J.: 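I am attaching a structure below and will ask some questions about it afterwards.
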Amino acid sequence: MIRIMVIGGTDCSGGAGLSRDAAIATLNGAEICPVVTAVTAQTNGAVLDMLPVSSNLIIQQIEAALSTWPQAIKIGMLGSTAAAAAVARALAEHDLPLVLDPVMKASSGGSLMAGGFPPDLLRRTSLITPNLEEAAALTGRALPVSEQDILATGQGILDQGPQAVLIKGGHGKGPLSTDHLIDRAAQTAFNAPRSQRDMRGTGCALATAITCHLAAGSNLTKACDQAKSQILAMLQ
């Protein structure tokens, strides 16, 4: 059985967060070791409230989860720089593949992250998966529009330490939704018809699916391709 550690927040509506992670892992024949960073009260339309988990409890959860020998790690909602720093400390001595979905706000628009991501966590990250808005926020650049903008923004993110970045095109325009995988040696574009269906939690789902495929032994390019195909099928 594939096992992945999933670090993130709860979502009582079931549309995103650890609920979505568990569902996607099950579809991929994996089980999760959940580490809760925050408890949220949110609906499909709004974030109503959020209660962060203490840094000490986050670290204890990670240490307990590591004792079950997961093959890869996915990080979603962290909620604060303090929580992100706690995660970085807890994972500093472990070299498992780590996928970071830099959740900054809910699909409904409510903020889910106060502060930025510490350098220690970014340097520990195998793949970071921002959407266009998150990519702009991570670099302080304007929202990338052209392919040239996206590649430059991706390089700006790589300069902060991650081994690779997947800039998702789901919030872009045009008939195709293109995700750009950029690492220090090359870049790969994954194209798919833009879905007209609006579904919450697709960012969570994609990052979790990639993590499952990495845990199963796929290389990064293949894992991203497999995961995008899977999410596209969900949106049909």
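Everything quoted here is computed from the prediction, not taken from an experiment.
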J.: For Asn191 and Thr178, test the side chains for any donor-to-acceptor distance below 3.5 angstrom and give the result as yes or no.
T.: yes
J.: Would you call Leu91 and Leu96 a side-chain contact if the rule is heavy atoms closer than 4.5 Å?
T.: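 A side-chain contact under 4.5 Å is absent here.
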J.: Is it true that Lys228 and Asp225 have a side-chain N and a carboxylate O under 4.0 angstrom from each other?
T.: no
J.: Would you say Asp149's side chain and Ser146's backbone share a donor-acceptor pair under 3.5 angstrom?
T.: yes
J.: Are the side chains of Pro102 and Thr129 in touch, meaning some heavy atoms are under 4.5 Å apart?
T.: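 With C-beta onward as the side chain, the pair touches.
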J.: Identify, with sequence neighbours excluded, every residue that meets side-chain hydrogen bond (donor to acceptor under 3.5 Å, both in side chains) alongside Arg124.
T.: none
J.: Any side-chain heavy atom of Leu127 sitting closer than 4.5 Å to one from Leu214?
T.: no
J.: Check the pair His94, Met5 against side-chain contact (heavy atoms from CB on, under 4.5 Å), reporting the backbone distance first and the verdict last.
T.: CA-CA 12 Å; His94 300 273; Met5 184 193 305; over 6 Å; no
J.: Identify the two heavy atoms, one from Ile2 and one from Ala216, that lie closest to each other, and give their separation to 0.1 Å.
T.: CD1-CB, 3.5 Å
J.: According to a hydrophobic-cluster definition based on side-chain heavy atoms being under 4.5 Å apart (Ile, Leu, Val, Met, Phe, Trp, Tyr only), do Val165 and Val145 belong together?
T.: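 No, Val165 and Val145 fall in different hydrophobic clusters.
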J.: Okay, side chain of Gln61, backbone of Val36: is any donor-acceptor separation there less than 3.5 Å?
T.: yes
J.: Roughly how far, to the nearest 0.5 Å, is the CG atom of Leu158 from the CG atom of Leu122?
T.: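 It is 11.0 Å, given to the nearest 0.5 Å.
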J.: Are the side chain of Ser126 and the backbone of Leu98 linked by a donor-acceptor contact shorter than 3.5 Å?
T.: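 Such a contact is found between Ser126 side chain and Leu98 backbone.
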J.: With the side chain counted from C-beta on, respond yes when Ile128 and Leu138 share a heavy-atom pair under 4.5 Å apart, and no when they do not.
T.: yes
J.: Any side-chain heavy atom of Gln163 within less than 4.5 Å of one from Leu220?
T.: no
J.: Spell out, as yes or no, whether a donor-acceptor pair under 3.5 Å connects the side chain of Ser19 to the backbone of Gly15.
T.: no
J.: Check Cys33 against Thr68 and note the closest heavy-atom contact, atom names and distance.
T.: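 Cys33 and Thr68 have their closest heavy atoms at SG-OG1, 3.2 Å.
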J.: Rounded to the nearest 0.5 Å, how far apart are CD1 of Ile157 and CG of Asp159?
T.: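 Here the rounded value is 10.0 Å.
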J.: Ignoring hydrogens, what is the shortest heavy-atom contact between Ala209 and Ile24? Give both atom names and the distance.
T.: N-CG2, 3.8 Å
J.: Between Leu151 and His180, which heavy-atom pair has the shortest distance, and what is it?
T.: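 In terms of heavy atoms, the two residues are closest at CD2-ND1, 4.4 Å.
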J.: From Ser54 OG over to Ile59 CD1, what is the distance, rounded to the nearest 0.5 angstrom?
T.: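 Between Ser54 OG and Ile59 CD1, I get 8.5 Å after rounding to 0.5 Å.
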J.: Applying a strict under-4.5 Å side-chain criterion to I, L, V, M, F, W and Y, I'd like to know whether Leu48 and Val53 cluster together.
T.: no
J.: List the residues meeting side chain to side chain contact (heavy atoms under 4.5 Å, CB included) with Asp95, not counting sequence neighbours, and say none if there are none.
T.: none
J.: With a 4.5 Å cut-off on side-chain heavy atoms, are Lys168 and Asp101 touching?
T.: yes
J.: I'd like to know if the side chain of Gln71 reaches the main chain of Arg3, judged simply by a donor and an acceptor atom lying under 3.5 Å from each other, with no hydrogens or angles considered.
T.: yes
J.: List the steps and the verdict of side-chain contact (heavy atoms from CB on, under 4.5 Å) for Leu166 and Ile210.
T.: CA-CA 11 Å; Leu166 182 71; Ile210 292 171; 3.9 Å; yes
J.: Considering non-hydrogen atoms only, spot the tightest contact between Pro144 and Ala136 and give its length.
T.: CD-CB, 4.1 Å
J.: Working to the nearest 0.5 Å, report the span between CD of Gln187 and CD of Glu147.
T.: 5.5 Å
J.: In Å, rounded to the nearest 0.5 Å, how long is the span from OG1 of Thr211 to CG of Leu100?
T.: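 One gets 10.0 Å once the value is rounded to the nearest 0.5 Å.
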J.: Between the main-chain N or O of Phe117 and the side-chain N or O of Gln160, is there a donor-acceptor pair closer than 3.5 Å?
T.: no
J.: Which pair of non-hydrogen atoms, one from Ala215 and one from Ala72, has the smallest distance, and what is that distance?
T.: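 Distance-wise, the nearest heavy atoms are CB-CB, 3.9 Å.
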J.: If you define the side chain from C-beta out and look only at heavy atoms, does anything of Thr188 sit under 4.5 Å from Cys224?
T.: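 Thr188 vs Cys224: side chains apart.
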J.: Applying the 4.5 Å side-chain criterion to the ILVMFWY set and letting contacts propagate, would Leu121 and Met104 be lumped into a single cluster?
T.: yes
J.: Side chains of Ile167 and Leu132, heavy atoms from C-beta outward: is any pair under 4.5 Å?
T.: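 Yes, their side chains come closer than 4.5 Å.
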J.: Donor-acceptor pair, Thr37 side chain versus Gly8 backbone, under 3.5 Å?
T.: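 Yes; at least one donor-acceptor contact below 3.5 Å.
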J.: Going through the checks in order, is the side-chain contact (heavy atoms from CB on, under 4.5 Å) test met by Thr153 and Ile150?
T.: CA-CA 5 Å; Thr153 301; Ile150 291 170; 5.7 Å; no
J.: Partners of Glu63 by salt bridge (Lys or Arg N to Asp or Glu O under 4.0 Å), sequence neighbours excluded?
T.: none
J.: Any sub-3.5 Å donor-acceptor pair from Arg20's side-chain atoms to Asp11's backbone N or O?
T.: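 The answer is no, because no donor-acceptor pair under 3.5 Å joins these two groups.
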J.: Take His213 and Val99 through the side-chain contact (heavy atoms from CB on, under 4.5 Å) test and state the conclusion after the steps.
T.: CA-CA 11 Å; His213 292 302; Val99 177; over 6 Å; no
J.: Starting at CD1 of Ile231, measure out to CD of Gln226 and round the result to the nearest 0.5 Å.
T.: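 The CD1 atom of Ile231 sits 12.0 Å away from the CD atom of Gln226.
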J.: Does the Asn28 side chain pair with the main chain of Ala30, one donor and one acceptor, at a distance under 3.5 Å?
T.: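 It does not hold such a pair.
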J.: Hey, does the side chain of Thr208 reach the backbone of Ala205 with a donor-acceptor pair shorter than 3.5 angstrom?
T.: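 Checked: no pair found.
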